[in-house]
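Note sheet for the following structure.
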There are 2 protein chains.
Amino acid sequence: MNTTSTFPTVLRELLRTNQSFLSYAASHVNKLDLTLPQFDVIITLGGTAGMQYKKLGEKTLITKGTLTGVVSRLEDKGLVERAASKKDGRSQILRLTEAGNDLFERTFPEHLEFINRLFSNYSEEEIATLGTALLRLQKAVSVCRGNEIIDEVIDE
Amino acid sequence: MNTTSTFPTVLRELLRTNQSFLSYAASHVNKLDLTLPQFDVIITLGGTAGMQYKKLGEKTLITKGTLTGVVSRLEDKGLVERAASKKDGRSQILRLTEAGNDLFERTFPEHLEFINRLFSNYSEEEIATLGTALLRLQKAVSVCRGNEIIDEVIDE
DNA sequence: ACGAAATGGTTTTAATCAAAACTATTTTAT
DNA sequence: ATAAAATAGTTTTGATTAAAACCATTTCGT
């Protein structure tokens, strides 16, 4: 890797690809009068009897501070409801309302179809290559982050 | 591709990888008391005599509505300045101030080093594979978007 | 048994995102 | 020459991002 080159182009492509894909996915979800994070919550809760807030945060990649607001707006739309957990006074269970479940069952298959069109000309191997390459980079980030934290501790 | 599977896992990995990488990059840029979009503007302007606002938007992937605010905050920090274009009354030229240029020259090489650590164990081929896979998906999105726009026109 | 530490979720904060509407200017069509 | 269309950048809007601080509750250590 030539350390004097400009910003690594492959990372620029990662950002472009991410933005491009999100824009494509949003163009479908906007028709449901939902945002991508809102729809992500719905499809994560869909097909379940409910889920703890913490688990929902883990599955959707929405940080907990942000998730409170996303869930509130879905409550306002009558699509999601909260219930206190019986086991842990701090905890809450989230689940789709009847309207939320109807929307999920009606729209999720077509959304899946919409997303899967992207791969209509891909072989299984090509999809696997992309996935593997992405996981590889995630791992590289984890390794570098771990090293950075150690560097900070040593500097104290 | 099994159309009844859950959200395509490879796309979930794209989102995770993007988020993970941005978080890693931000951890370095935050030390400069800048945000990633602000730093992106600085490194895009760095090494140039100035750039038109429109061009800056194209190179940084920040939409023009958002770019106004990002640039304003950099002006407030004394790192960027604007000048009216002599050729086009609508247009503006943006450039780094002396302080902005100093910051760029001081920090860009170390940021590049910080980012390039991610690839310290990659071969050229592995980097190329990732880049190619990402470009392939971008193209797939473009193709699907083009088809969607055509679908909308026909529906009118 | 009790205090300390950790955890689950909320609130606060500053910044960003992205699209639509707007204003001023330039370019295009007639 | 003039009106219509397009463009460059700003403003507005509602939502999200992400981190830090906070409060209430649970878990851990002594």
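Fair warning: this is a prediction, and the values are worked out from it, not measured in the lab. Reminder, nothing fancy here: chain letters follow the sequence lines and each chain counts from 1.
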Please list residues of residues 87-94 of chain A whose heavy atoms come under 4.0 Å from any atom in DNA chain D, ordered by number; otherwise none.
-> A/Asp88, A/Gly89, A/Arg90
Positional range of nucleotides in DNA chain C within the contact set of chain B, heavy-atom, under 4.0 Å = C/dA15 to C/dT26
For the helix from C/dA1-D/dT30 to C/dT30-D/dA1, what angle lies between the axis at the first five pairs and the axis at the last five pairs, to 10 degrees?
-> 30°
Of A/Asn30 and A/Lys54, the one whose nearest nucleotide on DNA chain C sits closer to the 5' end is A/Lys54
Measure from the side-chain N and O atoms of A/Ser91 to the backbone N and O of A/Asp88, and report whether any donor-acceptor pair falls under 3.5 Å.
-> no
Side chains of A/Ile42 and A/Phe108 in contact at under 4.5 Å (non-hydrogen atoms) | no
Give the ring-plane orientation class for A/Phe119 versus A/Tyr122, where under 30° counts as parallel, over 60° as perpendicular and anything between as tilted.
-> perpendicular
Can you name the residues that form a salt bridge (Lys or Arg N to Asp or Glu O under 4.0 Å) with A/Asp76, not counting sequence neighbours?
-> none
Aromatic ring centroids of A/Phe39 and A/His28 under 6.0 Å?
-> no
OG1/B/Thr97 to CG/B/Leu45 distance, rounded to the nearest 0.5 angstrom?
-> 10.5 Å
Quick one: label B/Gln38 by what it contacts on the DNA or RNA (base, sugar-phosphate, nothing), any heavy atom closer than 4.0 Å.
-> sugar-phosphate
Point-to-point distance, once rounded to the nearest 0.5 Å, from OG1 of B/Thr129 to CZ of A/Arg136 = 10.0 Å
A/Ser85 and A/Arg90 side chains, donor-acceptor separation under 3.5 Å = no
Who passes side chain to side chain donor-acceptor pair (under 3.5 Å) against A/Tyr53, sequence neighbours left out?
-> A/Thr68
Just jot down the side chain to side chain donor-acceptor pair (under 3.5 Å) partners of B/Gln138, sequence neighbours excluded, or say none.
-> A/Glu13, A/Thr17
Can you name the residues that form a salt bridge (Lys or Arg N to Asp or Glu O under 4.0 Å) with A/Lys77, not counting sequence neighbours?
-> A/Asp33
Where along residues 75-86 of chain A does a heavy atom come under 4.0 Å from DNA chain D, residue by residue in number order?
-> none
Is a salt bridge present between A/Asp40 and B/Arg12, judged by a nitrogen-to-oxygen distance below 4.0 Å?
-> yes
For DNA chain D, note the earliest and the latest nucleotide, 5' to 3', having some atom under 4.0 Å of a heavy atom belonging to chain A.
-> D/dA15 to D/dT26
Identify, with sequence neighbours excluded, every residue that meets side chain to side chain donor-acceptor pair (under 3.5 Å) alongside B/Arg16.
-> none
Within residues 55-74 of chain B, find the residues that approach DNA chain D with a heavy atom at under 4.0 Å, and present them sorted by residue number.
-> B/Lys64, B/Gly65, B/Thr68
ILVMFWY cluster, B/Leu130 and B/Leu135 together (side-chain gap under 4.5 Å) | no
Between atom CG of A/Asn116 and atom CD of A/Glu110, what is the distance when rounded to the nearest 0.5 Å?
-> 13.0 Å
B/Ser20 and B/Ser23: CA distance, side-chain angles, deciding distance, side chain to side chain donor-acceptor pair (under 3.5 Å) verdict | CA-CA 5 Å; B/Ser20 161; B/Ser23 180; over 6 Å; no
Identify, with sequence neighbours excluded, every residue that meets side chain to side chain donor-acceptor pair (under 3.5 Å) alongside B/Glu58.
-> none
